[in-house]
Every structure is written in C-alpha cells, then in structure tokens.
Number of protein chains: 2
Amino acid sequence: MSRASEQAYAKIRAHLLSGAVKPSEQLTEDRLAQITGVSRTPVREAVRRLEDELLLVRSDTKRLFVADWSRDDIEEMFTLRQMLECHAAERAARRLSREQIGALEALNRDLKAAIEQTPPDVARFLDANRAFHEVIIEAAQSPRLGQLLPKLVEAPVVLRTARTYSPDDLRQSARDHDELIAAFAAHDPDWARAVMGSHLRRAFHTFARAVGPAAGKNET
Amino acid sequence: MSRASEQAYAKIRAHLLSGAVKPSEQLTEDRLAQITGVSRTPVREAVRRLEDELLLVRSDTKRLFVADWSRDDIEEMFTLRQMLECHAAERAARRLSREQIGALEALNRDLKAAIEQTPPDVARFLDANRAFHEVIIEAAQSPRLGQLLPKLVEAPVVLRTARTYSPDDLRQSARDHDELIAAFAAHDPDWARAVMGSHLRRAFHTFARAVGPAAGKNET
DNA sequence: CGGGAGCGATTTGTATACAATAACCATCGC
DNA sequence: GCGATGGTTATTGTATACAAATCGCTCCCG
C-alpha cells in the first residue's frame with residue numbers, strides 16, 4: 001500500500017496494541033486522522049484493512065468500534081485457523097526446500113533465545129513465531145490460503161498482547177516447532193499436519209486460559 | 001455499504017459478468033467511475049471489495065486488471081472451499097431448525113424448476129444454489145466462516161458464467177442437495193460433511209472440464 | 001543497432017469541502 | 001411523568017482538485 005495509508009495502518013494498529021483504547025470503545029475517522037497525521041482518505045483505507053482483520057468493527061449504522069473478542073470468538077477463530085494451517089503444513093511438507101527448512105531452524109533458534117532471556121522477550125517471541133508460520137504458508141504455495149489466514153491470525157494476538165505467557169507455554173511452543181521441522185525434514189505430510197494440529201489446539205487453550213474460563217452461554 | 005459505493009459494486013460486477021471485458025484486461029478507476037456514474041471515491045471502495053473477492057487484481061504497480069483464473073487457481077479455490085464448507089455443513093447439521101430445513105427444501109424445489117424449464121434458466125439455478133449454500137453457512141453460526149467463504153465462492157462463478165452447464169450436471173447438483181437435506185433432517189454431521197464434500201468436488205470437476213483439461217505445468 | 005535518460009501523458013494516491021445520515025437532547029403534548 | 005418529535009451536533013459518505021507515481025515514447029549516446 002501507499003505511504004500514507006500504510007503509515008495510518010501501522011499507527012492505528014500500534015495504538016490499539018498500546019492499550020490506549022479499550023474493546024467496544026468508539027473511534028471516529030477524524031480522531032484517527034489526527035492521531036496518524038494523515039487525512040481521512042487514507043485512514044479509511046487503513047480502517048477497512050483493520051476491519052478485515054477484525055481488529056475494528058462497525059455497528060449497524062456504520063459507527064466504528066474497537067473489536068471485542070469473546071472466548072467463543074477466539075475458539076471459533078482457532079478452529080478455522082487450525083483447519084487452514086494444518087492444510088498448509090501438509091502442503092508445505094511436500095514442498096519445503098532445504099533452504100526454507102534452514103530458515104525455520106534459524107527462526108526457532110531466535111525464538112528460543114527470546115524465551116531464555118531474563119525476562120523473556122515476548123515481543124521478540126511473537127515476531128519469530130509469526131515469521132515461522134509465514135514461512136510455512138509461503139511454502140504451501142497456495143495464494144488464496146495466504147490471503148485468508150492473516151485475517152484469522154492477527155486479531156486476537158494483537159488485542160490480548162498484554163496478557164502473560166508462562167515460560168512453560170513458550171518452551172512447549174518451541175518444542176512443537178522442533179517437531180514440525182522434523183516432520184518437514186522427513187517430508188511427511190501426515191506428521192506435519194498432526195503436529196500443527198496439536199500445536200494450534202494447545203495454543204488455543206493457553207490463550208483461552210488467560211481470557212477466562214469457558215463461558216456457558218453468556219452474551220455480553 | 002452506502003448507496004453510491006454499493007451501486008458501483010453492483011454495476012462493476014455486472015459489467016464483468018456481461019463479458020464486456022476480458023480477463024487480464026486493464027481497467028482504470030476513472031473509466032469505472034464513468035460506467036457507474038459515481039465519483040472515484042465510491043468506485044475505489046467497490047474496487048477494494050472486488051479485489052477481495054478476487055474478481056479484480058492489481059499489478060505490482062497498482063494498476064487494475066480483470067482477474068484471470070487458471071485451472072490450478074480454480075482447483076485451489078475449490079479445495080479451500082470444500083474444507084470450509086464441509087465444516088459448515090457439519091455444524092449446520094447440529095443446528096438447523098425445522099424452519100431452515102423447510103427453507104432449503106423450498107430453495108431446492110425452485111432450483112429444480114429452473115433446471116426443468118426449456119431452456120434451463122441457469123441464472124435462476126445459480127441464484128437458488130447460492131441461496132441454498134448461504135442458508136447452510138448461516139446455520140453454521142460461525143461469523144468468521146461466513147466472512148471467509150464469500151471470497152472463495154464468488155469469483156470463478158462470475159468470471160466463467162458464460163460457460164455451459166449440462167442438464168445432467170444440474171440435475172446431479174439437485175440430487176446432492178436432496179441428500180444434504182436428508183442428512184440435515186437426520187441431524188447427522190458426518191453424513192452432511194461427506195455429502196458436501198462429494199458435492200463440491202464434483203462441482204469442481206464439472207467446472208474444470210469446461211475451463212480446460214488439467215494443465216501439466218504451464219504458467220500464465 | 002541497442003540501451004538508457006528524459007519528458008509528456010496516464011493513472012493512482014491524498015487532501016479538503018460539502019452532503020447525507022444517524023445520534024443526542026430538549027421540549028412538547030398527552 | 002412518559003413517550004414522541006423536532007432541531008442540533010457528531011459522524012460517515014461523496015465529489016472534486018491536486019500531488020505523486022508510473023508508463024510509454026522519443027531521442028540521444030555509445
């Protein structure tokens with residue numbers, strides 16, 4: 001995207017991530033234009049992208065709000081993500097080059113280093129983690145898949161970034177990645193799919209635990 | 001969406017469907033503004049939506065083109081659609097109300113009527129077919145799913161609408177729908193998933209046959 | 001003859017002003 | 001007192017003018 005709208009996107013995203021605004025809080029395009037320093041036109045472009053990623057939502061009458069993700073929303077999202085990303089892992093297992101596997105190993109080394117810092121560098125962990133998964137999607141060579149997945153991946157991570165990851169959770173993630181790499185090196189699609197499935201399902205529970213226990217039927 | 005941009009969206013879509021423009025042909029926002037009778041601002045909004053649905057694509061330097069779907073693109077799309085829509089069928093089987101099942105029956109009656117006209121009314125068939133699948137997605141009660149699927153469903157149908165469907169193909173579709181309804185009435189998720197899977201996979205082959213035989217490795 | 005720099009024309013991106021619509025609030029009628 | 005109704009303000013939608021980028025051509029130089 002072009003300069004101003006890309007900048008608006010990044011700034012608004014950072015603004016949401018900073019915790020300066022709360023879920024369900026109303027925003028206006030004017031206000032965002034002030035914050036980002038560009039006019040409403042590129043802001044609208046950026047907002048549309050953020051709506052697509054479900055970080056922002058519009059009310060029935062077009063008013064703009066910070067998205068509020070319930071536990072059920074998060075579960076639904078992880079279920080879909082699991083479906084798509086398991087497929088990606090399967091395809092990637094057939095296609096990953098030696099270089100790409102090397103890249104995954106390097107990223108996971110970085111990820112581990114981020115964990116073992118004191119205190120653990122969660123931001124660095126998340127970056128390495130994202131890059132890791134992106135390599136897999138890239139290798140799956142399915143453009144449509146690459147277009148669909150980001151919409152699912154971004155939202156909850158950004159909105160709940162303040163939460164605490166336990167060191168054990170982080171280490172388990174790293175181990176999952178190790179096993180994924182092993183499955184890829186063996187070019188075994190079934191193995192890769194299975195590992196990715198358990199990896200993401202565990203990630204969901206880790207995530208959900210922090211958000212709150214399973215809700216029975218409450219709305220909000 | 002608001003009036004002008006919605007209108008622009010509909011007109012551009014109709015324009016693509018009419019065959020007045022060919023795949024890979026360049027379009028300009030100005031030209032589309034002329035055609036739709038609104039200014040470039042809402043046109044840009046509409047174009048973004050059509051890009052999202054992969055009916056339009058932008059070159060690396062932001063120029064706008066009519067999308068060109070290769071056979072491989074279509075196969076990829078159907079594979080993803082199958083994955084998601086089987087999931088939807090499974091969920092729908094657990095949730096569909098008696099009224100919704102009644103609605104599906106009515107839609108399939110209409111679909112059959114469209115087939116048995118002479119000549120068959122393909123547009124009416126496609127409308128009923130779309131409505132049928134939308135009821136299922138609605139019943140799946142998965143907002144994210146409802147957001148993802150339209151992006152996959154629209155594009156190839158619109159772009160290849162001129163092609164001929166054989167009466168046998170259409171009748172087989174109607175039979176698939178009958179069996180789906182039976183699976184829903186029995187509230188059997190596994191059955192529903194299986195029927196949806198074969199329904200869509202057959203639809204892919206019907207579709208692909210008209211586009212051209214499986215290409216080995218050709219690019220374009 | 002080929003390749004690249006420069007320039008005019010085309011196309012997309014951004015800012016701004018204004019129009020349309022929705023929310024808010026106070027007042028009126030019952 | 002309570003709900004409907006009108007006017008006022010806030011917010012989003014659209015048109016338009018202008019800026020930036022890109023394309024395609026010509027012309028020049030090697």
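Atom set for the values below is all heavy atoms of this structure, side chains included, hydrogens, waters and symmetry mates excluded.
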Task: Upstream residue (5' side of DNA chain D) when K62(B) and E29(A) are each assigned their closest nucleotide - done: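 Mapping each residue to its closest nucleotide by heavy atoms, the 5'-most match is E29(A).
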
- [ ] Specify the residue among R3(A) and S39(B) whose closest nucleotide of DNA chain D lies further upstream toward the 5′ end.
- [x]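 Nearest nucleotide further toward 5': that of S39(B).
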
Output yes when at least one side-chain N/O atom of [X] is less than 4.0 Å from OP1 or OP2 of [N], else no.
X      : N       : answer
R44(A) : dG13(D) : yes
S2(B)  : dT14(D) : yes
T61(B) : dC23(D) : yes

Task: Candidate nucleotides dA22(C), dG13(C), dA15(C), ranked by approach to the side chain of R63(A) - the nearest - done: dA22(C)

To the nearest angstrom, how far is [X] atom [atom1] from [N] atom [atom2]?
X      : N       : atom1 : atom2 : value
E25(B) : dT11(C) : CD    : P     : 12 Å
Q34(A) : dA10(D) : CD    : P     : 13 Å
D30(A) : dT9(D)  : CG    : P     : 17 Å
R48(A) : dT12(D) : CZ    : C1'   : 15 Å
L64(A) : dT21(C) : CG    : C1'   : 16 Å
R31(A) : dT12(D) : CZ    : C1'   : 17 Å
R40(A) : dT11(D) : CZ    : P     : 11 Å
L27(A) : dA10(D) : CG    : P     : 17 Å

Task: Verdict with supporting geometry, D169(A) and R202(A), salt bridge (Lys or Arg N to Asp or Glu O under 4.0 Å) - done: CA-CA 9 Å; D169(A) 292 336; R202(A) 172 175 21 256; over 6 Å; no

Under 4.0 Å between a Lys/Arg side-chain N and an Asp/Glu carboxylate O for [X] and [Y]?
X      : Y       : value
E53(B) : K151(B) : no
E6(A)  : R49(A)  : yes
E29(B) : R58(B)  : yes
R71(A) : E75(A)  : yes

Open item on the list: Nearest heavy atom decides the nucleotide; on that basis, is T28(B) or P42(A) closer to the 5' end of DNA chain C?
Closed with: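 With T28(B) and P42(A) compared, the 5'-side residue is T28(B).
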
Open item on the list: Students often get this wrong, so: under 4.0 angstrom with heavy atoms, is L32(B) touching a base, only sugar-phosphate, or nothing?
Closed with: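 The residue L32(B) makes no contact with any strand.
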
Open item on the list: Within the 4.0 Å heavy-atom criterion, would you say T41(A) contacts the bases, only the backbone, or no part of the nucleic acid?
Closed with: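 The residue T41(A) makes base contact.
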
